[in-house]
Amino acid sequence: MIYLDHAATTMIEPQVLTAMKPYMRERFGNASTYYEVGAESRKAVEYARKEIADSLDADPEEIFFTSGGTESDNWALKGTMEAYKNKGRHLIVSSFEHHAIGNTCEYLKKQGYQVTYVSVDRQGKIRLDELERAIRPDTVMISIMCANNEIGTIQDMREIGCIAKRNHVLFHTDAVQAYGQIPIDVKNWNISLLSASSHKFYGPKGCGFLYIKKGVRTMSMIQGGSQERGFRAGTENVPGIVGMAYAAKLSYECMDEVGKRERMLRDWLARRLCEELPGARAIGSMTDRLPGNLNMYFPGIEATNLVLLLDEVGICVSAGSACTSRDTTVSHVLRAIGLTDRQASSCIRITLGRHTTFQELNIALQEIIRLVKMLQKG
Ligand code: PLP
């Protein structure tokens with residue numbers, strides 16, 4: 001198998017799995033108990049919290065463990081809007097957020113909140129003037145994803161943070177695709193809340209975290225025990241938390257080197273595809289972009305057919321994001337950057353990972369060329 005869908009999920013690193021295993025058998029204790037086997041779990045959870053906090057130059061008290069990106073996004077939006085409802089009920093998001101944000105906004109609207117959607121340009125960059133103009137006296141928060149899951153565009157985080165600070169509104173970022181791939185500076189970017197998910201950076205599935213800056217108010221989304229300082233009840237997923245923290249550490253250690261390699265391989269693939277296939281082009285900014293992300297448009301083909309044919313020869317890519325690839329609606333991300341529905345349904349997402357080799361990419365290149373030509377002939 002040639003796996004080129006790392007934006008959907010990544011395979012857990014063997015060392016991460018090894019670090020997790022003891023917490024499933026011999027150190028299985030509940031982190032809320034006082035005897036030794038429980039205390040060991042508590043120690044591991046707090047060590048992991050410190051490691052994650054260090055990766056963001058944050059305080060351990062600012063890190064809250066969750067079940068993943070979707071939960072972190074839901075908590076960030078619902079919990080914070082609720083906590084500040086006396087200030088206002090207005091929220092600003094971009095028009096191409098992940099459904100974890102988009103559908104949470106739909107829910108909030110049904111609860112009486114107002115949401116403004118800020119548009120993005122053809123490169124996938126937020127229009128900053130439009131963002132600032134959208135802020136009203138009752139605006140509580142801006143939520144803008146750090147990097148897009150379909151086209152990999154990285155936003156001008158520092159500028160967005162300055163706009164939030166200048167206008168006294170909170171700034172949440174969905175960093176599920178960005179954390180572990182690119183450096184993140186919560187202080188310099190003025191971030192109030194940040195969501196991340198372990199399975200996107202070679203950690204286990206079902207684990208994530210929400211960074212909440214000290215002083216930012218929030219409400220608990222899950223009622224029950226007093227775990228996570230009463231904000232997120234439920235027995236801690238100790239193996240998951242241990243694995244996530246270890247995976248984060250590994251990602252930060254190799255970030256520069258992996259980023260350089262992925263960027264070089266990605267640009268090579270884009271260039272070769274454009275040389276070989278008339279009309280083919282890369283979608284979105286090629287500079288402010290996650291290193292491993294490539295989204296390619298091939299005129300006259302149906303991307304879902306190409307994905308299925310590639311699967312038959314053992315190559316995994318996707319048409320749209322993983323969460324939408326099973327439905328047939330046109331990508332709201334590609335629409336948001338100005339593609340027609342016809343163009344949007346002719347795009348595939350290829351996402352490289354830290355173990356992707358040149359040999360694998362070369363095979364993928366040949367197969368994509370062959371299959372696109374075949375589909376274009378009809
Ligand atoms: N936000 C973004 C940008 C994502 O890409 C994803 C997953 O693809 C999520 C949120 C949801 O994360 P999780 O799968 O951990 O629930």
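Just so it is clear, the model here is predicted, and its values are computed rather than measured. When a ligand or atom number is given, it counts from 1 through the structure's own listing order.
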Participant: In Å and rounded to the nearest 0.5 Å, what is the CD to CZ distance from Glu36 to Arg42?
Facilitator: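 Atom-to-atom, Glu36:CD and Arg42:CZ are 15.5 Å apart.
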
Participant: Applying salt bridge (Lys or Arg N to Asp or Glu O under 4.0 Å), run through Lys249 and Asp54 and close with a yes or a no.
Facilitator: CA-CA 9 Å; Lys249 185 168 164 291; Asp54 286 349; over 6 Å; no

Participant: Run the contact test for Glu97 against ligand 1 with a 4.0 Å cut-off on heavy atoms, strictly below, and give the result.
Facilitator: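 False for this residue.
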
Participant: For His355 and Tyr202, take the angle between the two ring planes, folded into 0 to 90°, and tell me which bin it lands in: parallel under 30, tilted 30 to 60, perpendicular over 60.
Facilitator: perpendicular

Participant: Any atoms of ligand 1 less than 4.0 Å from a non-hydrogen atom of Gly68? List them with their elements.
Facilitator: 15 (O)

Participant: So with a 6.0 Å cut-off around NZ of Lys109, is the heavy-atom count from everything else above 12?
Facilitator: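 Correct, the count exceeds 12.
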
Participant: Near Met145, which atoms of ligand 1 are under 4.0 Å from a heavy atom of that residue?
Facilitator: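 Within the 4.0 Å cut-off of Met145, ligand 1 contributes 3 (C).
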
Participant: Can you tell me which portion of Asp73 lies within the under-4.0 Å heavy-atom range of ligand 1? Options are side chain, backbone, both, or neither.
Facilitator: side chain

Participant: Taking only heavy atoms of Ser197 into account, list the atoms of ligand 1 that are under 4.0 Å away from them.
Facilitator: 13 (P), 15 (O)

Participant: Taking atom CG of Leu371 and atom CZ of Phe298, what is their separation to the nearest 0.5 Å?
Facilitator: 10.5 Å

Participant: What atoms in ligand 1 come closer than 4.0 Å to a heavy atom of Thr70?
Facilitator: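 This gives 11 (C), 12 (O), 13 (P), 16 (O) as the contact atoms.
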
Participant: Specify side chain, backbone, both or neither for Lys205, according to which of its non-hydrogen atoms lie closer than 4.0 Å to ligand 1.
Facilitator: neither

Participant: Looking at ligand 1, does any of its N/O atoms fall within less than 3.5 Å of an N/O of Gly69?
Facilitator: yes

Participant: Say whether Glu71 and ligand 1 are in contact under the criterion: heavy-atom distance to a ligand atom below 4.0 Å.
Facilitator: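 False for this residue.
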
Participant: Would you check if there is a donor-acceptor pair between the side chains of His199 and Thr10 at a distance under 3.5 Å?
Facilitator: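 Checked: Thr10/His199 side chains show no N/O donor-acceptor pair below 3.5 Å.
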
Participant: Is Glu61 salt-bridged to Arg229, cutoff N-O under 4.0 Å?
Facilitator: no

